[in-house]
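All values below were derived from every heavy atom in this structure, side-chain atoms included, with hydrogens, water molecules and symmetry-related copies excluded. Predicted model, so just to flag it, every value in this text is computed and none were measured. Along the sequence shown, the residues carry numbers beginning at 1.
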Amino acid sequence: MRRFGWALMVLCMVFGLAMPAFASNHTETKEWSEINELTSEIWELGKIERYEEAAGVLQFTSANITHIEDVLSLRPEQKRLVEYTFRDAVSSLQNPEWSKEKKLNKLTEVRLLVDALQTDYEPLWKKTGLMMLEPFITMEKGISEDDSVAFHQAANLLLERYETVRPALMVDLKDEDLEKLDEHVSYVDTNRSQILTDPAHQKQLETAAADFEALFFAKKDNSEPSLFWLIFSIGGIISSTLAYVGWRKYKGDQQDGLRVPDKR
């Protein structure tokens, strides 16, 4: 309830009920933690389809960030990224032709970006790992079952989800690491037909999946990428979460099995 109370107070300021008082003391929201709280409330408003209010708070937050950029220590490229991401999200909220899912994706971009700018440890984008791996899992299943429709749908989902997470990655990743992910996603998009039929291209897809997994789950071992596909191609895929947990269990059992002969 406290969060929605805060959101209501902000909405009052946005729509003029408390704007004069706030205008004289806009530094009240100068901390990233408070801006992060605002973007969380914006996402909640979008979730319940209160798009006009969400757009209003989003515009207010964007303007406030611009006014106090000296306090927030934004670099020029970060300032441009924030302005573009916020403007794009507002545009989506005001477009009646956009679906609820697409609008939430744009609000999620904002949420993840602001959190990445604020947080140095365990940013929110790290928690989207299963969401990012799911398209790879489904693409491999489409290959193994010769289901081109499922494969293309999963490839489209990868592009959509990567676009959502990418602004936050631009803040936290080195340029070369971001470029590698960009190349992987571009490769999947432009080589779909070859990936469906050519083992060499499928190997490249495996490498892409392994790199995404390593990033989102901080994978430290040197397992072959093919192990990633082996588990998800046996028995079908029920859900990305169960599949990932099952994969980890499988690897642990395999390692225990390999150690048994040594003890004898």
Side-chain angles (χ1 to χ4, degrees), residues 2-4 6-7 29-47 57-58 61-62 64-65 68-69 71-75 77-82 84-86 89 104-137 157-182 184-185 208-223 225 228 239-249 251-252:
R2 187 184 73 82
R3 291 198 311 162
F4 282 99
W6 169 246
T29 57
K30 68 183 179 180
E31 299 296 334
W32 270 122
S33 59
E34 296 178 10
I35 293 175
N36 207 355
E37 180 76 9
L38 278 177
T39 59
S40 177
E41 300 299 344
I42 292 166
W43 193 91
E44 293 291 342
L45 288 170
K47 187 176 179 181
V57 182
L58 194 58
T61 307
S62 180
N64 201 44
I65 289 176
I68 59 176
E69 60 183 276
V71 178
L72 301 178
S73 302
L74 285 176
R75 299 194 300 272
E77 66 274 14
Q78 291 178 334
K79 181 175 180 292
R80 290 191 296 270
L81 178 61
V82 167
Y84 173 80
T85 304
F86 274 61
L104 277 178
N105 284 346
K106 288 300 178 182
L107 293 182
T108 302
E109 281 186 43
V110 171
R111 181 78 179 91
L112 295 178
L113 171 60
V114 171
D115 178 81
L117 287 166
Q118 180 208 355
T119 307
D120 294 326
Y121 178 75
E122 288 300 314
L124 279 179
W125 64 261
K126 278 275 190 180
K127 301 182 185 299
T128 67
L130 289 174
M131 182 186 81
M132 293 305 305
L133 287 181
E134 182 185 5
F136 288 106
I137 297 168
L157 189 61
L158 174 65
L159 299 180
E160 180 182 301
R161 290 182 175 178
Y162 185 64
E163 180 183 355
T164 299
V165 177
R166 192 177 187 277
L169 299 183
M170 292 176 68
V171 173
D172 286 344
L173 298 189
K174 297 178 180 178
D175 289 344
E176 56 268 27
D177 293 333
L178 183 64
E179 288 173 5
K180 181 167 66 173
L181 295 182
D182 288 346
H184 283 324
V185 174
D211 284 344
F212 268 85
E213 188 207 1
L215 171 66
F216 284 91
F217 291 97
K219 180 180 171 184
K220 299 299 183 182
D221 59 58
N222 295 318
S223 302
F228 180 91
S239 70
S240 60
T241 302
L242 291 178
Y244 184 78
V245 172
W247 176 51
R248 286 298 187 190
K249 183 177 184 302
K251 289 181 69 178

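Under the 30°/60° scheme for interplanar angles, the aromatic rings of Y162 and F212 are found to stand perpendicular.
At a threshold of 4.0 Å, the pair E163-R166 does not count as salt-bridged, since none of the basic side-chain nitrogens sits closer than that to a carboxylate oxygen.
The side-chain heavy atoms of L107 and L58, taken from C-beta on, include a pair separated by under 4.5 Å. The side-chain heavy atoms of V114 and L38, taken from C-beta on, include no pair separated by under 4.5 Å. At a threshold of 4.5 Å between non-hydrogen side-chain atoms, the residues V110 and I42 do not count as touching. Side-chain contact between L124 and R111 is present, with heavy atoms from C-beta onward closer than 4.5 Å. Two residues are said to be in side-chain contact when any heavy atoms from C-beta on lie closer than 4.5 Å; L117 and N36 fail this criterion.
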Give the C-alpha distance, both sets of side-chain angles, the deciding distance and a yes or no for side-chain contact (heavy atoms from CB on, under 4.5 Å) between L173 and L181. CA-CA 10 Å; L173 298 189; L181 295 182; 3.9 Å; yes

Residues L130, F217; criterion side-chain contact (heavy atoms from CB on, under 4.5 Å); working and verdict: CA-CA 9 Å; L130 289 174; F217 291 97; 4.0 Å; yes

Before giving the answer on side-chain contact (heavy atoms from CB on, under 4.5 Å), spell out for E134 and L158 the whole-Å C-alpha distance, their side-chain angles and the decisive distance to 0.1 Å. CA-CA 8 Å; E134 182 185 5; L158 174 65; over 6 Å; no

Go through the steps to decide whether V165 and F216 satisfy the test side-chain contact (heavy atoms from CB on, under 4.5 Å), and finish with yes or no. CA-CA 11 Å; V165 177; F216 284 91; 4.1 Å; yes

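Side-chain atoms of R161 and N105 include no donor-acceptor pair closer than 3.5 Å. A side-chain donor-acceptor contact under 3.5 Å links D172 and W125.
In this structure, CG on L215 lies 9.5 Å from CG on L178, to the nearest 0.5 angstrom. Here CG of L169 is found 10.0 Å from NZ of K126. Values are rounded to the nearest 0.5 Å. The distance from atom CD of E122 to atom NZ of K127, rounded to the nearest 0.5 Å, is 6.0 Å.
Side-chain N or O atoms of Q78 include one that pairs as donor or acceptor with a backbone N or O of R75 at under 3.5 Å.
Residue P167 comes nearest to T85 through the heavy atom pair CB-OG1, 4.2 Å, listed as atom of the first residue, atom of the second, then distance.
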